[in-house]
Amino acid sequence: MSELEQRYAELREIIAEVLEIEPEELTDSGDFAEEYQADSLRAIEILARIDKHFKVEIPQSELPELRNLKATFDAVSRHAGWQG
Amino acid sequence: MSTLFISGFASISSAGMRAGALAERVSSGQAHPGVPVGSLYEAELPAADGHALTDFDVKTHLGRKGTSFYDRATALAVVACGEALANAHIEIDEETRPRIGIALGTTLGSFKSTSDFSMETLVQPKPYLVNPVLFPNTVMNCAAGQAAIRYGLRGANATITGGPMAFLNALRYAGNAINRGYADTMLVGAVEEFTPHRAWMTALSGKVPHPAGEAVAVFAVSTVRMAPVAEVLAIANGYGPGGQGSEALAGCVQRVLRKAHASAGDIRLHAITREAESGALAGTKIFRAAQHFGDCGAATGAIALASVLELHEAEPARDGELTLLTASTDDGAVGAAIIRGWSRGGADRG
Amino acid sequence: MTRVAVTGLGPVSSIGTGAEAFAAALLAGASGISQIQSFDSSGFPHRNGGEVRDFDPARWLRRLDPQRWGRSSQFAAAAARLAADDAGLDLDSLDRGRAHAVLGTTSGESVVAEALTAQILASGFPGMVPELIEQLPAGRLAHAVSEELGLHGESLTLATACSASNYAIGYAYDLLVTGEADVVFAGGADSVCRWAHAGFFKLGALTETACAPFDRDRSGILTGEGGAVLVMETFEHAQRRNARIYAEVLGYGINCDAKHPVAPDRESISQCMRIAHRSADIKPEEVDYICAHGTGTPANDLTEARAVIEVFGDNPPPMSSIKSMIGHTMGAASGFGAIASAIAIDRGFLPPTINWQNADPELSGVDPIPNVARRATVRVVQNNGFAFGGNNAIVMLGAVR
């Protein structure tokens, strides 16, 4: 597993825990709110855990864009400056 | 005020959550020493043994979704509300939803949730680095609100404090809500969780003769007499300012006897929450729930009533007997209720 | 049927203590907001709140020993004493068994809870001080009132979060109409605390400087505190002693969203309004003023306004939020709302929503009584209270006819 794949798996695990599902249930494009009943509290907590785990601060104003796992990973990558 | 009937109930305590578990423990007549509780928390506890249901796991009852951020008090209450609905055969549909409510007794919600959340503001690098999903758990109405969400109950929903008085306060509140027409059925109960916080507070207070326990009991109450297991004949709560708690309790006991058209000799059992109540009805057999289940705080009165009703279920010969429930707080809040109990079907057999 | 009178008001607030001072502040559109001092707020980007500065319980309390009671209980007891005095009640002449105390709260003795938490941090669980443990139970808010005034009736603290005072007023109303009570002291109390400040900030629901309900750019609440108690009594009891009657409690409604722990639900709130109107036997067009829940968060104000328009139509009565002046006083909030409603009826003015600058196109039709109080004949008021847990409670008050 590449470093990026490893981080992707970690992110999946973090988000799944907040959404109260198993990591394998969380798809790349599944909408957090529509498909996993995430509310604003959970969205904020996902940001907080990303901050804690990856040491990456994503401003709360970007929350509306973080609709699914893929979009969230892209945002984390962008703010962290990870190279693909 | 029309008569209130209890058509079903459920409980969770250190004795388990199976129907009949309370009666089995109580029937031994011996005080229960508790079970090893060290595995529940990382924090050191004041004693190796306590009265917790150590293998309780909300996920086995309700699944993971929607429950993983419950605190223990919420988990206990939500599971017990569901069991009580089932036990009373209450059907929830669009018509009944707005007419079914909850009155849940507590001391101050989950102090562990509140204190842990507050602790984060002290130990995190920034005081606002708290978990927002846990914020509702710091509010005392969390358990009743989550139970309403879980079962879709939109009727009068109240969280009622009172420590040892909480259950009688909730019963009184629910009776009023039904009689005033705000709800047809109320789930009435009280909950207290076992946490290091409660275990230590109970031990440090120096006022409670029993170690901390946890329990929840929930009763389905309505004015409909449908295969009831109990009837609430009377309830009266009050306060004795300036240390007049005993006098105030004596007054409440007189009032419920009068309302129930009963005399002291008609009462077969007197269930108490604190030793100070033991003299309120001289000559009657005393039932101390705390001896069997630990100091269950707000849930003490509820678990006492659930125990009594399980004893009725086990012994149909007791059908129709009256129990006096009393409760009180250190400050001077007092209350009394008279309950007539039956085994299932006993009320209709005659 | 027994009618219920409001005969005494006891506000302990950041804009004034006592009915006279509070009414003057409402009329003036005063602000009680300042930088929080009761805890170290320096680590927070937003530091304002509605603290009751210089609250000296000993000044108001005659029987209660403040040393033995937490800040919220002190607020409750002081507010009750003020209300009793305002009502001109001779407590010695009361049938004390028929005099009750019913209080509401969100966080109970939150200051005590945080002090105990600091002790746990400093020296572990065994470091908790027993004297503080004794002060922790939330039930003590009502007990403080019962002790201070020597009441023998029920002493009940309801913990239905931010609508709790309306729950308390509703239950008090029931005690009076069912013949259980002559007099009930009803309201609520809460204290500013660090954990609520942190929680609301993290939710993005805490504004920086001023709370601006119904404004286009509103950005959240400010936490506040205080005690708000009303003397409620049967008309018969009030008239026998020639009491001044501020207003009549006409009825109330409660229900539960049963949907989400924190997000308000328009449909459920509309339904609660209808239940309250039915209880009070009032038609929507009879309502002259809505004392709004109006927290100042984008979500609450939008949901509340839409529910109002659903029930009242496109031209609803004026509705203002006194939270613009005192912040969100949590469990005391709808108690302050009820006091403001009684004052509006008695004095003939509508309290303003201060800090209001820009109309929100999403809230068209809403008249928030911007910035300046307005003279008006007020016959019927609807006092809204909503809460975490979906606990909605609405109290209807009216002028005495």
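Numbers restart at 1 for each chain; the letters A, B, ... are given by sequence-line order, proteins then strands.
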Worksheet item: Any salt bridge (charged side-chain N to carboxylate O under 4.0 Å, His left out) pairs touching residues 119-136 of chain C, not counting sequence neighbours?
Response: B/K207-C/E134

Discussion item. Among residues at least two apart in sequence or on other chains, which ones pass side chain to side chain contact (heavy atoms under 4.5 Å, CB included) with C/S110?
Written reply: C/S107, C/S191, C/C193, C/W195

Which portion of [X] sits near chain C, non-hydrogen atoms under 4.5 angstrom:
X	value
B/T106	neither
B/Y173	both
B/V123	side chain
B/A143	neither
B/L153	backbone
B/Q146	side chain
B/A156	both

Item to complete: Under the side-chain hydrogen bond (donor to acceptor under 3.5 Å, both in side chains) rule, what do C/T160 and B/T159 come out as? Steps first, then yes or no, please.
Response: CA-CA 6 Å; C/T160 47; B/T159 299; over 6 Å; no

Worksheet entry | Neighbour count above 12 (heavy atom, 6.0 Å) for B/K65 NZ | yes

Can you tell which of [options] has the highest number of heavy-atom pairs within less than 4.5 Å of chain B?
options	result
C/G124, C/G97, C/G153, C/S41	C/G153
C/A196, C/P261, C/P126, C/S268	C/P126
C/I275, C/T157, C/I254	C/T157
C/G389, C/A101, C/A258	C/A258

Does some side-chain heavy atom of [Y] sit less than 4.5 Å from a side-chain heavy atom of [X]?
X	Y	answer
B/Y128	C/R194	no
B/P136	C/V262	yes
C/K259	B/I149	no
B/R154	C/D257	no
C/F201	B/P127	no

Kindly give the heavy-atom pair with the smallest separation between [X] and [Y], and that separation in Å.
X	Y	result
C/T106	B/M140	O-CE, 3.3 Å
C/A118	B/L122	CA-CD1, 4.2 Å
B/T161	C/G139	OG1-CA, 3.3 Å

Worksheet item: When you measure from the side chain of B/N176 to the backbone N and O of C/D174, does any donor-acceptor pair fall under 3.5 Å?
Response: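 The answer is no, because no donor-acceptor pair under 3.5 Å joins these two groups.
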
Practice prompt. Measure from the side-chain N and O atoms of C/T117 to the backbone N and O of B/S118, and report whether any donor-acceptor pair falls under 3.5 Å.
Written response: no

Worksheet item: So which residues of residues 192-200 of chain B are in contact with chain C at a heavy-atom cut-off of under 4.5 Å?
Response: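 Those residues of residues 192-200 of chain B which have a heavy atom under 4.5 Å from chain C are B/P196, B/H197, B/W200.
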
Region of [X] in contact with chain B, defined by heavy-atom distances below 4.5 Å:
X	answer
C/F388	both
C/V177	side chain
C/T178	side chain
C/F200	both
C/H260	backbone
C/L116	side chain
C/Y171	side chain

Name every donor-acceptor pair, under 3.5 Å, that has one atom in a side chain of residues 145-152 of chain C and the other anywhere in the protein, sequence neighbours excluded.
{"residue": "C/S146", "atom": "OG", "partner": "C/A142", "partner atom": "O", "Å": "3.2"}
{"residue": "C/S146", "atom": "OG", "partner": "C/S155", "partner atom": "OG", "Å": "2.8"}
{"residue": "C/E147", "atom": "OE1", "partner": "B/G242", "partner atom": "N", "Å": "3.0"}
{"residue": "C/E147", "atom": "OE2", "partner": "B/Y239", "partner atom": "OH", "Å": "2.8"}
{"residue": "C/E147", "atom": "OE2", "partner": "B/G242", "partner atom": "N", "Å": "3.4"}
{"residue": "C/E148", "atom": "OE1", "partner": "C/R62", "partner atom": "N", "Å": "3.4"}
{"residue": "C/E148", "atom": "OE1", "partner": "C/R63", "partner atom": "N", "Å": "3.1"}
{"residue": "C/E148", "atom": "OE1", "partner": "C/L64", "partner atom": "N", "Å": "2.9"}
{"residue": "C/E148", "atom": "OE2", "partner": "C/R62", "partner atom": "N", "Å": "2.8"}
{"residue": "C/E148", "atom": "OE2", "partner": "C/R81", "partner atom": "NE", "Å": "2.7"}
{"residue": "C/E148", "atom": "OE2", "partner": "C/R81", "partner atom": "NH2", "Å": "3.1"}

Discussion item. Would you say the ring centers of C/Y252 and B/Y182 fall short of 6.0 Å from each other?
Written reply: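 C/Y252 vs B/Y182: aromatic centres under 6.0 Å.
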
